[in-house]
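Atoms within each ligand, like the ligands themselves, are counted from 1 in listed order. All residue numbers in this chain count up from 1 along the given sequence.
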Amino acid sequence: MLDLKEKFMSKVGPMRERVQKLVKDGGDVVVDDVTISQVIGGMRDIRCMTWMISDLDPQEGIRFRGETIPDLQAKLPKAPGGSEPIPEAVFYFLLTGEVPTYENCVAVTEEWRRRSALPDHLVKTMESVPPDTHPMTQFSLAILALQRDSKFAAKYRAGMKKTDYWDPMYEDVMDILAKLPEIAARIYMRAYKGGKFIAPDPKLDWAANQAHMIGNDNPEFYDLMRLYLVIHCDHEAGNVSAHTCHLVGSALSDAFYSLSAAMNGLAGPLHGLANQEVLRWIMDVMKDLSGVPTKEQLYKYLWDTLKSGKVIPGYGHAVLRKTDPRYVAQREFALKHLPNYDMFRVVSDIYEVAPGILIEQGKAKNPWPNVDAHSGVLLYYYGITEYDFYTVFFGVSRAIGILSQLIWSRALGFAIERPKSVLLEWLEEKAAAAKAQ
Ligand code: NMX
Ligand code: MLT
């Protein structure tokens, strides 16, 4: 058995006891109040879920099991010759809470390689979809098509104790993560490169293989893929993709159903699709203003974007109230590898101009850039110019986090999600009663 699975198993018992004790001793403690604005306004900020693997502080940004992105960059193992941590390491860390050794990570790489072959039925399904179907639709469909082979669904049908749910869930998650890079690569190569298939290279780690299978063997791009697939992996529970995965999984739908649903949420322009929107918008800026614009030109262009009723893509956040540390990590990568690239100069200039405009407009609660404001320019620089594809990379990464939590959610026997909705009249009566007091 993989050391990772053994380590996970050893943590399940103590964690179950901890949760049971919490509910027994503190189950009646009130943790939040809810206002009508929150009910109407997307449940913003209501504390009503628990998530074990990451936590988002509005000022500081994401911490994965207590560690910031720079902490992870310093602590997690890297591939030989690489300078960014490998996603295998972050998966191990999220699942167990322990920093893996390089050997632990190699064992995960090997395990994923062993499980990576795509079944014929999946390849046939993928090839039956028109290649110009949006890559996120193809991605979600492919994940769903794999559901046929779910070990969790088969074991559930045969009959299984609740305390055993995590085991086939773990097996399904390992199968999915093993297959995602090739699924993504097949979509990319079919949509943009005439369907040529590049087989994975057994010498490469998971992220480098993602780069290799889309035809890019630049070692710097391998490192970008490692960074990209680590920093997008999780953002606590309330974002649309994580919450969807958790919600669907809570009905004991297996990992394939849960992840496919999550990817449909990630495909929305206010969520993950914002990364393609940013690049599309920057291309428009550079086309309309004939190259790198002046800050004055940018100022006007940004205002025109807002006045036309559009959002400034890549700016703002539902929780964050400062520059996203994932933006900072990508900016540092750009400063190291592509400081003089025209499009990076535009991205940097937007960073100087956009927050002031959003503050001036006075609507957005957070005028600072999020992760999506920077990811596209890096991919574009390394030749991945087909920006409709960018959200698929986000999805490959996001699977690492939300599926780690899904295993934990089944291990801890978390309940089916079923909050209470209320009629608008009920809210109106509440509001009137409060006013009358
Ligand atoms: N450009 C223009 N207006 C904005 C922006 C922006 N970047 N961000 C927020 N606003 C507006 C927002 O549309 C809302 O307007 P209205 O009152 O007319 O409905 C108002 O400001 C208040 O919104 P907030 O409470 O600040 O933001 P909210 O929590 O509702 O939404 C986002 C968060 C991320 C959806 C929003 O900031 C946005 O639409 N950003 C642009 C899209 C984007 O970058 N999404 C990616 C987020 C990260 N991810 O990967 O998921
Ligand atoms: C994410 O990574 O999921 C986004 O930043 C959106 C969010 O956290 O709400």
Side-chain angles (χ1 to χ4, degrees), residues 35 37-46 49 51 53-58 60-64 69 90 136 228-246 259 262-282 301-330 347 350-351 353-376 387 390-402 405:
T35 65
S37 297
Q38 288 173 304
V39 173
I40 304 277
M43 299 188 279
R44 202 68 81 255
D45 216 26
I46 302 173
M49 288 182 264
W51 203 247
I53 59 174
S54 73
D55 190 46
L56 182 61
D57 179 83
E60 195 195 40
I62 192 68
R63 276 184 184 261
F64 300 100
I69 289 172
V90 85
M136 281 304 281
Y228 191 109
L229 297 178
V230 164
I231 63 175
H232 288 78
C233 74
D234 206 47
H235 219 226
E236 72 170 29
N239 67 76
V240 170
S241 49
H243 188 198
T244 305
C245 184
H246 185 66
L259 184 65
M263 292 301 107
N264 298 340
L266 193 71
L270 296 188
H271 190 20
L273 202 83
N275 61 9
Q276 82 164 49
E277 295 301 288
V278 168
L279 220 283
R280 195 158 61 86
W281 180 76
I282 290 175
Y301 200 94
L302 282 151
W303 264 118
D304 287 348
T305 301
L306 290 177
K307 283 181 192 152
S308 72
K310 293 180 186 155
V311 294
I312 298 178
Y315 279 73
H317 201 273
V319 179
L320 279 167
R321 294 295 175 257
K322 63 157 255 186
T323 300
D324 191 333
R326 300 170 297 176
Y327 178 95
V328 175
Q330 295 179 96
V347 168
I350 294 171
Y351 186 25
V353 176
I357 292 177
L358 286 169
I359 291 169
E360 208 178 321
Q361 192 205 27
K363 274 177 31 167
K365 293 191 189 69
N366 176 38
W368 302 106
N370 60 58
V371 65
D372 299 317
H374 214 304
S375 52
Y387 46 78
Y390 292 173
T391 314
V392 174
F393 287 136
F394 194 155
V396 172
S397 174
R398 185 49 56 97
I400 294 175
I402 61 185
Q405 177 63 46

Give the residue and atom name of whichever protein heavy atom lies nearest to [atom], and the separation in Å to one decimal.
atom: atom 25 (O) of ligand 1; answer: Lys365 NZ, 2.8 Å
atom: atom 3 (O) of ligand 2; answer: Arg398 NH1, 2.9 Å
atom: atom 51 (O) of ligand 1; answer: His271 ND1, 2.7 Å
atom: atom 6 (C) of ligand 2; answer: His317 NE2, 3.5 Å
atom: atom 20 (C) of ligand 1; answer: Lys363 O, 3.7 Å
atom: atom 3 (N) of ligand 1; answer: Val311 CG1, 4.0 Å
atom: atom 9 (O) of ligand 2; answer: Asn239 CB, 3.4 Å

If we ignore hydrogens and angles and just use 3.5 Å, is the side chain of [X] paired with the main-chain N or O of [Y] as donor and acceptor?
X: His246; Y: Ala242; result: no
X: Gln405; Y: Gly401; result: no
X: Asp324; Y: Pro369; result: no
X: Ser54; Y: Glu236; result: yes
X: Arg398; Y: His232; result: yes
X: His271; Y: Asn239; result: no
X: Thr35; Y: Gln38; result: yes
X: Ser397; Y: Phe393; result: no

Heavy atom to [atom], shortest distance: which of [options] holds it?
atom: atom 1 (N) of ligand 1; options: Ile357, Leu266, Ile312; value: Ile312
atom: atom 46 (C) of ligand 1; options: Thr391, Leu302, Leu270; value: Leu270
atom: atom 9 (C) of ligand 1; options: Ala354, Ala373, Ala364, Ser241; value: Ala364
atom: atom 49 (N) of ligand 1; options: Val319, Asp372, Asp324; value: Asp372

Per-atom contacts of ligand 1 with [X], taking only distances under 4.0 Å to non-hydrogen atoms:
X: Ala318; answer: 29 (O), 33 (C)
X: Ala274; answer: 43 (C), 44 (O), 45 (N), 46 (C)
X: Arg44; answer: 28 (P), 29 (O), 30 (O)
X: His317; answer: 33 (C), 34 (C), 37 (O)
X: Phe394; answer: 50 (O)

Judged by non-hydrogen atoms, does Leu358 sit under 4.0 Å from ligand 1? yes
Can you confirm whether something in the protein, heavy atoms only, sits under 4.0 Å from [atom]?
atom: atom 14 (C) of ligand 1; answer: no
atom: atom 23 (O) of ligand 1; answer: no
atom: atom 32 (C) of ligand 1; answer: no

Would you say [X] has any N or O atom under 3.5 Å from an N or O of ligand 1, going by distance alone?
X: Gly314; value: yes
X: Tyr315; value: yes
X: Val371; value: no

Per-atom contacts, ligand 2 versus Arg326 - under 4.0 Å to a heavy atom: 1 (C), 2 (O), 4 (C), 5 (O)
Over all heavy atoms of both residues, which pair between [X] and [Y] is shortest? Give the atoms and the distance, please.
X: Trp51; Y: Asp234; result: NE1-OD2, 2.8 Å
X: Ala329; Y: Ile69; result: CB-CG2, 4.0 Å
X: Leu273; Y: Thr391; result: CA-OG1, 3.3 Å
X: Gly376; Y: Tyr390; result: CA-CE1, 3.5 Å
X: Glu60; Y: Pro325; result: O-CG, 3.7 Å
X: Asn370; Y: Tyr327; result: O-CD1, 3.7 Å

Within-shell test, Glu236 vs ligand 2, heavy atom, strictly < 4.0 Å: no
Is His232 in contact with ligand 2, taking contact as a heavy-atom separation below 4.0 Å? no
When only distance counts, is His235 in polar contact with ligand 2, meaning an N/O pair under 3.5 Å? yes
Heteroatom distance test (Asp324, ligand 2): nitrogen or oxygen, under 3.5 angstrom: no
Heavy atoms only, cut-off 4.0 Å: how does Leu306 contact ligand 1, side chain, backbone, both, or neither? side chain
Of the side chain and backbone of Arg44, name the one, both, or neither that has a heavy atom under 4.0 Å from an atom of ligand 2. neither
Can you find a pair of side-chain heavy atoms, one from Trp303 and one from Glu360, that are under 4.5 Å apart? yes
Step through the shown structure and confirm whether more than 12 heavy atoms of other residues, nucleotides or ligands are within 6.0 Å of CE on Met49. yes
Would you say CH2 of Trp368 has more than 12 non-hydrogen atoms from neighbouring residues, nucleotides or ligands within 6.0 angstrom? no
